[in-house]
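No experiment lies behind these values; they were computed from the predicted model shown. Naming convention: chains lettered A, B, ... in sequence-line order (proteins, then strands); numbering from 1 in each chain.
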Protein chains: 2
Amino acid sequence: MSRTYPASLPCLCANLRRASRALTQRYDQALRPLDITITQFTILQALSLTGVVSQGRLAEILAMDSTTLTRTLAIMSKHGWILSEPGPDRRERRLSLSPAGRRKFQAVLPHWQRTQAQLRARLGPDRWGDLMNAINHVALAVTD
Amino acid sequence: MSRTYPASLPCLCANLRRASRALTQRYDQALRPLDITITQFTILQALSLTGVVSQGRLAEILAMDSTTLTRTLAIMSKHGWILSEPGPDRRERRLSLSPAGRRKFQAVLPHWQRTQAQLRARLGPDRWGDLMNAINHVALAVTD
DNA sequence: TCGAAATAGATGTATATACATCTCATTTGC
DNA sequence: GCAAATGAGATGTATATACATCTATTTCGA
């Protein structure tokens, strides 16, 4: 065990949560000057990939409770980044990026990219790829 | 991309956070009958491994802001699980498990173990080991 | 030695997260 | 066709998380 950091705890969840906190702090720090969090940027990115999508489906994609999304979308809507229209099924909200949301996404993109690139360089492309595979496999294994 | 779940987002942090949410939900669900969260159990486990430790050092071990720990420890202290005494340096708090904390940890341990074992079986021991390595490597790479 | 700088943790505030429960809309069984 | 069951999302509440700032203590430099 190093002075400042133990190699591992016995719990996979604890270790994953620790890595998640560390990474989140790093990304949030990089995005702070742009007044957006990695949580919010992730939603911009997801919407930019999916196009129009219901809140429930977006929650599924992010393995996030749909009611959590309600709160975060409220914050993002205050910034004018989100379009939310009732669908043909009028219980559901059909979400998409507003023009301001697209602009915001484009503005933040290079900062996000720089942060990813730094981390990728530090880990090496092999470890990076393995990591991406592994964590997505976990998410899958847990979800279904 | 499956119907209910996309293989991957382009952002490492987004994917790690997604896996973290999914895993946390799974562990929390398993521990719910015992009235404890995986966050709190992780602190019991960490204290059981370290013995007496300062709040700052514990925060370092968990890659968690020390002030975050203040809030979670307050909840755990209400349950009587935590001993907190001033150290020789009287700014710092020297934390350890109370007898009730040790009992709680022992009581929860088998439930945590069962959850881990299920997940490990599902992932396979190779993937499990790779995953543990990879995520701890990320935490290290980000932290120093 | 004494004042300045640094450090440990507490507190105020904002976001992130999920569950229980509620409302309203849709689907389903008869 | 209608009552019951289901489903989508909103709201109340509790925990998790971090940053800015504050207080109390310690350390450090002249």
Side-chain angles (χ1 to χ4, degrees), chain A residues 13-14 16-33 35-43 53-60 62-79 82 84-95 142-143, chain B residues 13-14 16-33 35-43 53-60 62-79 82 84-95 142-143:
Chain A
C13 187
L16 197 71
R17 285 171 65 81
R18 178 172 68 175
S20 172
R21 282 190 297 271
L23 256 193
T24 300
Q25 281 168 50
R26 170 86 163 224
Y27 279 74
D28 273 347
Q29 182 192 359
L31 302 190
R32 197 161 308 132
D35 272 309
I36 192 171
T37 63
I38 188 60
T39 301
Q40 293 164 18
F41 176 76
T42 296
I43 292 172
V53 70
S54 74
Q55 181 171 319
R57 174 72 186 121
L58 183 57
E60 241 174 36
L62 299 172
M64 182 181 287
D65 191 280
S66 161
T67 72
T68 298
L69 219 38
T70 302
R71 318 301 168 122
T72 302
L73 287 170
I75 295 169
M76 297 177 73
S77 291
K78 276 195 306 198
H79 292 292
I82 305 290
S84 168
E85 300 185 312
D89 178 338
R90 274 174 323 183
R91 291 171 301 183
E92 82 181 17
R93 334 205 95 252
R94 299 175 70 68
L95 305 169
V142 172
T143 303
Chain B
C13 187
L16 197 71
R17 287 170 64 82
R18 179 173 66 176
S20 171
R21 281 190 297 269
L23 257 193
T24 299
Q25 280 168 52
R26 170 87 162 221
Y27 279 74
D28 274 347
Q29 182 193 359
L31 303 190
R32 196 162 307 134
D35 271 311
I36 192 170
T37 62
I38 188 60
T39 302
Q40 294 164 16
F41 176 77
T42 297
I43 292 173
V53 70
S54 74
Q55 180 171 320
R57 174 70 185 123
L58 182 58
E60 241 174 36
L62 300 172
M64 182 181 288
D65 192 281
S66 160
T67 73
T68 298
L69 220 35
T70 300
R71 318 302 169 122
T72 302
L73 287 170
I75 295 169
M76 298 176 74
S77 292
K78 276 195 304 198
H79 292 292
I82 304 290
S84 168
E85 302 184 309
D89 178 339
R90 278 176 321 186
R91 287 170 304 184
E92 83 181 16
R93 332 205 98 251
R94 297 174 74 66
L95 305 170
V142 171
T143 303

Would you check if the side chain of Gln55(B) reaches a backbone N or O of Leu95(B) as a donor-acceptor pair within less than 3.5 Å?
no
May I ask you to decide if Leu16(A)'s main-chain N or O and Ser20(A)'s side chain share a donor-acceptor pair within less than 3.5 Å?
no
Base, sugar-phosphate, or nothing for [X], non-hydrogen atoms under 4.0 angstrom?
X	value
Pro86(A)	nothing
Thr67(B)	base
Thr24(B)	nothing
Arg17(B)	sugar-phosphate

Would you kindly compare Gly87(B) and Leu69(A) by the position of their nearest DNA chain D nucleotide and give the one closer to the 5′ end?
Leu69(A)
Considering heavy-atom distances to DNA chain D, does Arg94(A) or Arg32(A) have its closest nucleotide positioned more toward the 5' end?
Arg94(A)
Distance in angstrom units between [X] [atom1] and [N] [atom2], rounded:
X	N	atom1	atom2	value
Glu92(B)	dT27(D)	CD	P	10 Å
Glu60(B)	dA18(D)	CD	P	14 Å
Asp65(B)	dA10(C)	CG	P	12 Å
Ile75(B)	dA10(C)	CD1	P	14 Å
Asp28(B)	dA16(D)	CG	C1'	10 Å
Arg26(B)	dC19(C)	CZ	P	14 Å
Leu62(B)	dA16(D)	CG	C1'	13 Å
Leu73(B)	dG9(C)	CG	P	10 Å

Return the [atom1] to [atom2] distance between [X] and [Y], rounded to the nearest 0.5 Å.
X	Y	atom1	atom2	result
Ser54(A)	Arg93(A)	OG	CZ	11.5 Å
His79(A)	Ile36(A)	NE2	CD1	8.0 Å
Arg32(B)	Ile38(B)	CZ	CD1	12.5 Å

According to a strict under-4.0 Å criterion, is [X] in side-chain N/O contact with OP1 or OP2 of [N]?
X	N	value
Thr70(B)	dG9(C)	no
Gln29(A)	dC19(D)	no
Thr68(B)	dA18(D)	yes
Thr39(A)	dA16(C)	yes
Thr37(B)	dA16(D)	yes
Gln25(B)	dA18(C)	yes
Arg90(B)	dA24(D)	no

Heavy-atom check, side chain of Gln25(A) versus side chain of Gln29(A), under 4.5 Å:
no
Test for a donor-acceptor pair under 3.5 Å between the base of dG12(D) and the side chain of Arg71(A), counting only N and O atoms.
yes
Is any side-chain N or O of Arg91(A) under 3.5 Å from a base N or O of dG9(D), one able to act as donor and the other as acceptor?
no
When you measure from the side chain of Arg93(A), which nucleotide among dA10(D), dC19(D), dG9(C) comes out closest?
dA10(D)
As a test of reading the structure: which of dT17(C), dG9(D), dT15(D) is closest to the side chain of Met64(A), going by heavy atoms?
dT17(C)
